[in-house]
Amino acid sequence: MEKIRVRFAPSPTGELHIGGARTALFNWLFARHSGGKMILRIDDTDRQRSSQEYFSSILESMKWLGLTWDEGPDIGGDYGPYIQSENLHKYRELAEQLVRDGKAYYCFCTAEQLEAEKEKQRQKGQPPRYSGRCRLLSEEERERRKLNESYVIRFITPREGETVVEDIIRGRVAFENKIFDDFIIIKSDGLPTYNFASVIDDHNMAISHVIRAEEHLSNTPRQIIIAHSLGFQVPLYAHVPMILAPDHSKLSKRHGATSVQEYRDMGILPEALVNYLALLGWSPGEDKEIMDIKEIVDLFSLERVSKNPAIYDIKKLTWLNGYYLRTLKLEKITERALPFMQRKFNINTERNTAKYKEIERIIDLVRDRVKTLQEMADASNYFFEDDFQYDEKGVKKHFRKEGVGEVLTEVSHVLQRVEPFEAEKIRDELHDLGRKLNVSLSRINLPTRLALTGRTMGPELFDIISLLGKDRVINRLKKARELFELS
RNA sequence: GGCCCCUUCGUCUAAUCGGUGAGGACACCAGCCUUUCAAGCUGGCAGCAGGGGUUCAAAUCCCCUAGGGGUCACCA
């Protein structure tokens with residue numbers, strides 16, 4: 001069997017979005033599962049929209065997800081160049097070879113002419129197709145006009161027969177050749193079109209399996225025809241289903257976050273995103289949902305990729321993220337959470353400092369009850385700032401009650417004495433206080449929590465007290481009594 | 001519009017060669033646990049797009065209809 005080589009070939013015209021990431025993931029999984037090679041190629045033949053920024057950002061997103069590549073623009077390889085704009089002479093050369101062989105021709109039609117032609121066809125209810133007019137130009141006329149007119153190169157498509165795509169996921173898909181018109185392979189700016197360039201690169205890079213989104217299925221016969229005319233062997237194809245928005249339309253900006261970067265900024269973990277994306281259009285065939293990347297690599301196969309489009313459900317992603325947030329190693333979560341903490345609280349922390357240790361403890365307390373790293377930072381504010389808002393409903397419910405001031409004063413007195421200031425000890429003391437005052441524990445805890453955190457809910461109160469430290473606790477109890485005139 | 005692909009709970013999906021009470025997960029609801037909120041546990045709600053065939057037997061095979069998506073670019 002030939003060596004397995006797959007490629008992910010984004011065009012640097014935008015951030016890496018969810019759909020692209022999933023395609024990259026499936027390529028990567030297939031390569032890693034089968035011991036093949038993963039190649040990263042940049043399809044930047046759209047001169048207008050491609051940019052260096054997007055190029056870097058796509059690479060960064062892939063690295064963040066852990067999708068590594070064996071050959072690519074940044075690390076090179078034996079099959080370069082891995083950026084199409086660095087391979088322009090090659091496309092040009094092959095296109096001209098096709099012209100010489102009578103398989104392609106120069107076309108001088110202007111955009112206006114073509115538009116008028118299409119409009120006419122539309123009115124007649126015909127599909128818009130290029131007439132093939134320039135194919136008939138005499139060699140003499142062609143050479144003359146090449147001198148001072150801009151032109152494209154069109155590929156001559158067969159009029160008869162059919163072209164079959166053998167797709168690993170979809171099976172045999174046949175297209176009648178007569179539906180194709182003479183499409184462009186070299187644009188007037190001299191750059192190749194996608195259909196042309198990717199066929200050449202896939203061949204030159206010895207790609208064995210082309211795994212890409214289903215939107216490319218209809219283009220595949222064109223590419224196969226080109227490959228045949230160039231004498232190339234065609235790779236195996238696998239067209240994975242699209243990812244759709246909740247309203248069944250194509251995923252776009254108006255549906256909220258669509259790029260990998262946005263998810264990272266929201267505080268989604270790469271582990272969760274990878275796990276979720278793997279589940280979109282693929283399943284291991286057993287009742288298993290939570291899988292680390294190693295497990296997914298083991299279980300992955302293209303045969304188990306489903307045919308139907310999947311609707312993107314952020315709630316499930318969020319659930320998975322919450323799961324990873326509370327089960328991954330604390331050190332790892334701390335590392336990931338730190339930027340969010342720093343941004344929100346303007347703190348400066350370095351590893352192995354006391355402050356770092358404290359943050360780690362805070363995260364350990366908070367992580368059980370949040371779904372993203374951003375929420376984690378939001379939920380920890382009272383550990384970093386003394387000046388917080390008090391929950392309005394909570395104030396009405398817990399502070400506006402007979403004897404609250406007295407309770408808080410008692411709590412203050414009790415805590416004053418506790419030594420060492422540890423959660424367990426604090427809990428025992430407050431239990432005792434409850435018995436002494438003959439009130440339920442909630443009568444003590446709820447107002448205390450509100451006074452210390454401004455909130456009615458959150459982590460274990462005794463842990464909070466211990467972590468806050470005696471001084472801050474006593475001060476906040478006092479502040480609450482004064483602020484709300486509790487007696 | 002032509003061509004192509006797709007169709008199992010609201011959503012992601014499972015159901016080896018046709019025989020299942022159509023399974024799991026998210027979401028939602030309820031209960032338990034409990035100092036709050038989560039988490040966890042238990043239970044519940046909910047689906048084979050419709051219609052014809054083939055067959056002793058169809059979610060599964062065939063046909064039709066409907067619906068969704070893709071593509072028909074000098075974008076990829």
Side-chain angles (χ1 to χ4, degrees), chain A residues 9-14 43-46 48-50 84 107 109 111 114 118 122 125-129 150-154 165 167 169-170 173-176 178-181 183-195 197-198 212-222 239 241-242 244 246 248-250 276 279-290 304 306-320 322-323 326 366-371 379 394 398 427 430-431 434 440-446 448-450 453 455-462:
Chain A
S11 72
T13 54
D43 284 8
D44 61 342
T45 54
D46 184 344
Q48 304 301 320
R49 297 192 301 148
S50 294
Q84 289 190 326
C107 171
C109 295
L114 293 174
K118 269 183 200 168
R122 253 195 297 272
Q126 293 169 340
R129 296 180 35 176
S150 82
Y151 60 88
V152 301
I153 299 180
R154 284 182 187 270
V165 180
D167 191 280
I169 294 169
R170 278 150 224 285
V173 183
F175 297 82
E176 284 193 84
K178 67 177 179 206
I179 64 171
F180 304 119
D181 61 0
F183 55 88
I184 293 171
I185 56 177
I186 297 286
K187 302 182 267 188
S188 57
D189 63 4
L191 301 210
T193 55
Y194 166 75
N195 281 322
S198 77
R212 61 188 9 167
E214 198 203 321
E215 58 186 322
H216 293 293
L217 183 56
S218 305
N219 272 319
T220 306
R222 284 176 239 270
H239 286 94
M242 311 261 306
L244 266 28
H248 287 81
S249 68
K250 213 168 165 175
Y276 178 69
L279 253 22
L280 231 43
W282 173 82
S283 84
E286 36 189 314
D287 292 337
K288 186 181 275 209
E289 305 258 305
I290 292 176
R304 290 206 63 86
S306 66
K307 296 176 171 58
N308 41 322
I311 288 165
Y312 187 72
D313 177 20
I314 192 155
K315 282 195 170 156
K316 190 154 181 174
L317 202 213
T318 308
W319 165 75
L320 268 169
Y323 173 83
R326 55 182 187 270
V366 175
R367 67 168 170 169
D368 277 3
R369 11 189 84 70
V370 294
K371 302 261 192 244
H398 305 305
R427 188 192 60 203
L430 290 182
H431 269 90
S440 69
L441 197 53
S442 58
R443 289 276 300 203
I444 294 174
N445 283 348
L446 298 177
T448 303
R449 174 187 295 281
L450 186 60
T453 69
R455 298 170 187 248
T456 58
M457 51 192 196
E460 187 94 17
L461 179 62
F462 317 114

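So that the names make sense, note that chain A is the first sequence line, chain B the second, and so on, each numbered from 1.
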message = By the side chain to side chain donor-acceptor pair (under 3.5 Å) test, which pairs, at least two apart or in different chains, include something from residues 279-288 of chain A?
response =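 For residues 279-288 of chain A, and leaving out neighbouring residues, the side chain to side chain donor-acceptor pair (under 3.5 Å) pairs sorted by first residue read A:Lys288-A:Glu295.
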request  = Just compare B:rC6, B:rA14, B:rC3 and give me whichever is closest to any side-chain atom of A:Arg170.
outcome  =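 For A:Arg170, the side-chain atoms sit closest to B:rC6.
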Sugar-phosphate only, base, or nothing, as touched by A:Ser306 at under 4.0 Å among non-hydrogen atoms =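 Sugar-phosphate only.
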request  = For A:His398, enumerate each residue passing the ring pair (Phe, Tyr, Trp, His ring centres under 6.0 Å) test, keeping only those at least two apart in sequence or located in another chain.
outcome  =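 By the ring pair (Phe, Tyr, Trp, His ring centres under 6.0 Å) rule, A:His398 matches no residue at all.
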task = Give none if B:rU34 has no partner; otherwise give the nucleotide forming a Watson-Crick or G-U wobble pair with it, both distances under 3.5 Å.
result =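 Looking at the geometry, B:rU34 pairs with no nucleotide.
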For [X], what residues pass the side-chain contact (heavy atoms from CB on, under 4.5 Å) criterion, not counting sequence neighbours?
| X | value |
| --- | --- |
| A:Pro309 | A:Leu244 |
| A:Asp189 | A:Arg47, A:Lys187, A:Leu191 |
| A:Ala111 | none |
| A:Asn445 | A:Leu430, A:Leu441, A:Leu461, A:Phe462 |

query = In B/S/- notation, 5' to 3', how is nucleotides 36-51 of chain B contacted by protein heavy atoms closer than 4.0 Å?
reply = BBBSS-----------
Annotated protein contacts, base or backbone, on nucleotides 60-76 of chain B with a non-hydrogen cut-off under 4.0 Å, one of B, S, - each = ---------BBSSSBBB
Residues in side chain to side chain donor-acceptor pair (under 3.5 Å) with [X], at least two apart?
| X | value |
| --- | --- |
| A:Thr220 | A:Arg212, A:His239 |
| A:Tyr276 | none |
| A:Lys316 | A:Glu289 |

Any protein N or O atoms within reach of nucleotides 7-10 of chain B? Criterion: under 3.5 Å, listing atom names and distances.
unit_1: B:rU8; atom_1: OP2; unit_2: A:Asn308; atom_2: ND2; d: 3.4

